[in-house]
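Given the structure is predicted, the values throughout are model-derived calculations rather than measurements.
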Amino acid sequence: MTSATDNSLSAASVNATAEEARAVAEAARETEWNRPSFAKGLYLGSFDLSLIHPWPEAKAEDVERGEDFMAKLEALCRTMSGRVIERDAKIPDEYLKGLAELGVFGMKIPREYGGLGLSLVYYGRALALVGSVHPSLGALISAHQSIGVPEPVKVFGTDEQKREYLPRCAAGAITAFLLTEPDVGSDPARMGATAVLSDDGESYVLDGVKLWTTNGVIAELVVVMARVPEHTDPDGTTHKGGISAFVVEMDSPGITVENRNTFMGLRGIENGVTRFHQVRVPAANRLGREGQGLKIALTTLNTGRLSIPGLCVAAGKWSLKIAREWSNARTQWGRPVGQHEAVSKKIAFIAATTFALEAVFELSAEMADAGARDIRIEAALAKLWSTELSCRIADELVQIRGGRGFETADSLEARGERAVAAEQLLRDLRINRIFEGSSEIMKLLIAREAVDAHLAAAGDLASLDASLQDKAKAAVGASGFYARWLPKLVAGAGMDPRSYSDFGRLGKQLRFVERSSRRLARQTFYGMGRWQAKLEHKQAFLGRIVDIGAELFAMAACCSRAENLLHTRPEHAAAAFELAEAYCEQARVRVDECFDQLWRNTDDADRDFSRKVLAGDYAWLEAGILDQSEGTGPWIADASPGPSAKESLHRKYR
């Protein structure tokens, strides 16, 4: 393949139409539902509590090995200083060595390949513990284990690939996942990186630039997503190519880490810009088939997304501890600040939401470990909801701490006070609403799954391009589906005051969830009927639909968790029920607000108003300030393929 072919392919991908982008995304979706999904049922008005309760039980062996590892990990973490990482903006090599020797980089890798083979529950708990030292440690391990080389190789790799790469990863070969490009984020149809098959079919030649390569600065191995052009074998067989996944050795000639990026938070993260110029990658290093790369990426993320909720649990727990201790120590107007209602409301939110954060993560992880449920929506909801709520927790903690919340830990310590890094927590958590799919993209992904049944039933009714005749035929087919489905949404267990009585005081919360699930399904149907094919553009409406489902999932998880603790930790049962009830009561207010805003909002006016803003109609409002960023560079850096003019910043840590 010539460079001209590469350039034309790159140009075509950059100019991908909306239809082409949608087609690429749809082709990568996992469309079959071979196992039941609790969260999917919530959006369809089917509240099947049996899918999450009784609480999934872990194997005794997994618990024993997990607890033993956690004890060792805690001992190691006590020798580390998050303050050192924060000040130096770097994780010391000795920390990486200690983590490697303990087996942290192989927590999810099967024991037969030298890993620890821990469950997702203990993997998440380990991330929470490590992340409480410094979130950059959690990001490092998560990027390696959840989306780096180990997971896609474990799921999609050949036996040879597993034997070659998994033991290395378990022993401490840090890895990274390279998908994003300077002008390509959540729209892979525009991907510019290419992998061209050599004439002898033995290797691919990789060209392109990848941005925000977490771990890329120190990684030994990376998974790279690149577009393979259509090509023809000597025997005339044509291959469509497409986005494909490759395991690449970072010491290969032609790879340059051009920049180590720095951010408002996660100051120890090894994140960079990586350029590939004529990098030869053995064909044996391709994961799966040509064109399967995006599906590999999305499948890996289904459970990989649970790593961030685990880290959010740690943030909630630390915030609760600091808020409680500080609000008892600080006195204003004759009383501890925690006894003033303005502050007590914030403390109540932090405590209840922390319980919910742990319930949502642990439930999702336990279900993933059990393998009997399809948790792709649960994992996505957990990521979306946990990142949004934990950021609010951090913001409330800073507010409770007042001026001290805005002050750095070093400054507090320098003047003789406890070094509480509340402002750092706020900075570090903010990226989680963007990592591994921004909240806006996550809502669209979840909404697509939530309305899937409607789209399937509607057929051409949901197509902008269908003719009136086709729409008429589709309407006949859809009427049969809705005739069977809609009557089920009229009444349910949530209307019977005796339902869920075995949950005691939490029974009324589950009845609310059941009623709201049916109401949510009805509202989705109304939206489908009103906008049909245009529903996909009503992103604010769909976002509220998703938010309601997320709160209902969290409420159900809290109730199941409390009931589980009644039997497993009876000494905490009463407190658990109080925490669950507090969260549910707070969530009910948010759910009602979202339902109200489905139809009472300024969405249409805001859309039209925004278009005028973008057109410059109000540019005069920007007068009177200086924009210090002007002249510093283009909005998006040039990512044209070619050799690098910079010295590589890639460094070895062992």
With sequence neighbours left out, the residues meeting side chain to side chain contact (heavy atoms under 4.5 Å, CB included) with D428 are P135, L266, Q424

Next item on the list: Starting from the C-alpha separation in whole Å, work towards a yes-or-no answer on salt bridge (Lys or Arg N to Asp or Glu O under 4.0 Å) for R418 and E325.
Entry: CA-CA 12 Å; R418 183 166 167 175; E325 294 176 352; 3.0 Å; yes

With sequence neighbours left out, the residues meeting side chain to side chain donor-acceptor pair (under 3.5 Å) with T354 are none

Item to complete: Determine, for R569 against E571, whether the closest basic-nitrogen to carboxylate-oxygen distance falls under 4.0 angstrom.
Response: yes

>> Using salt bridge (Lys or Arg N to Asp or Glu O under 4.0 Å), reason through K40 and E378 one step at a time and then give a plain yes or no.
In response: CA-CA 8 Å; K40 185 175 179 65; E378 284 84 348; over 6 Å; no

Across all chains, not counting sequence neighbours, the ring-ring contact (aromatic ring centres under 6.0 Å, His included) partners of F276 are none

E388 meets the side chain to side chain donor-acceptor pair (under 3.5 Å) criterion, sequence neighbours left out, with R433, S439

Between E64 and K59, does any NZ, NE, NH1 or NH2 come within less than 4.0 Å of an OD or OE carboxylate oxygen?
no

For H650, the ring-ring contact (aromatic ring centres under 6.0 Å, His included) test, sequence neighbours excluded, returns none

Applying ring-ring contact (aromatic ring centres under 6.0 Å, His included) to H134 and not counting sequence neighbours gives none

Notebook entry, point to check: Quick one: does NZ or CZ of R392 land under 6.0 Å from the six-membered ring centre of F349, within 45 degrees of the ring axis?
Noted result: yes

I'd like to know if K154 pairs up with E151 as an ion pair, taking the criterion as any Lys NZ or Arg NE/NH1/NH2 lying under 4.0 Å from an Asp or Glu carboxylate oxygen. yes

Hits for side chain to side chain donor-acceptor pair (under 3.5 Å) against D395, two or more places apart or cross-chain, chain-then-number order -> none

- prompt: Should the pair F503 and H53 be assigned to parallel (<30°), tilted (30 to 60°) or perpendicular (>60°) ring geometry?
  reply: tilted

The ring-ring contact (aromatic ring centres under 6.0 Å, His included) partners of Y122 (sequence neighbours excluded) come to none

Applied to residues 48-57, the salt bridge (Lys or Arg N to Asp or Glu O under 4.0 Å) test, sequence neighbours excluded, yields none

field: D88 with K90: basic N within carboxylate O range, under 4.0 Å
entry: no

I'd like to know if E436 and R305 make a salt bridge, using a cut-off of under 4.0 Å between side-chain N and carboxylate O. no

Notebook entry, point to check: What's the verdict on salt bridge (Lys or Arg N to Asp or Glu O under 4.0 Å) for D93 and R654, showing C-alpha distance, side-chain angles and the deciding distance?
Noted result: CA-CA 7 Å; D93 289 349; R654 63 171 188 164; over 6 Å; no

Residues 75-106 vs ring-ring contact (aromatic ring centres under 6.0 Å, His included), sequence neighbours excluded, gives F105-H144

Residue pairs passing the side chain to side chain donor-acceptor pair (under 3.5 Å) test with at least one member in residues 242-257, sequence neighbours excluded, are R168-E249

Residue pairs passing the salt bridge (Lys or Arg N to Asp or Glu O under 4.0 Å) test with at least one member in residues 349-362, sequence neighbours excluded, are R125-E362, K317-E358

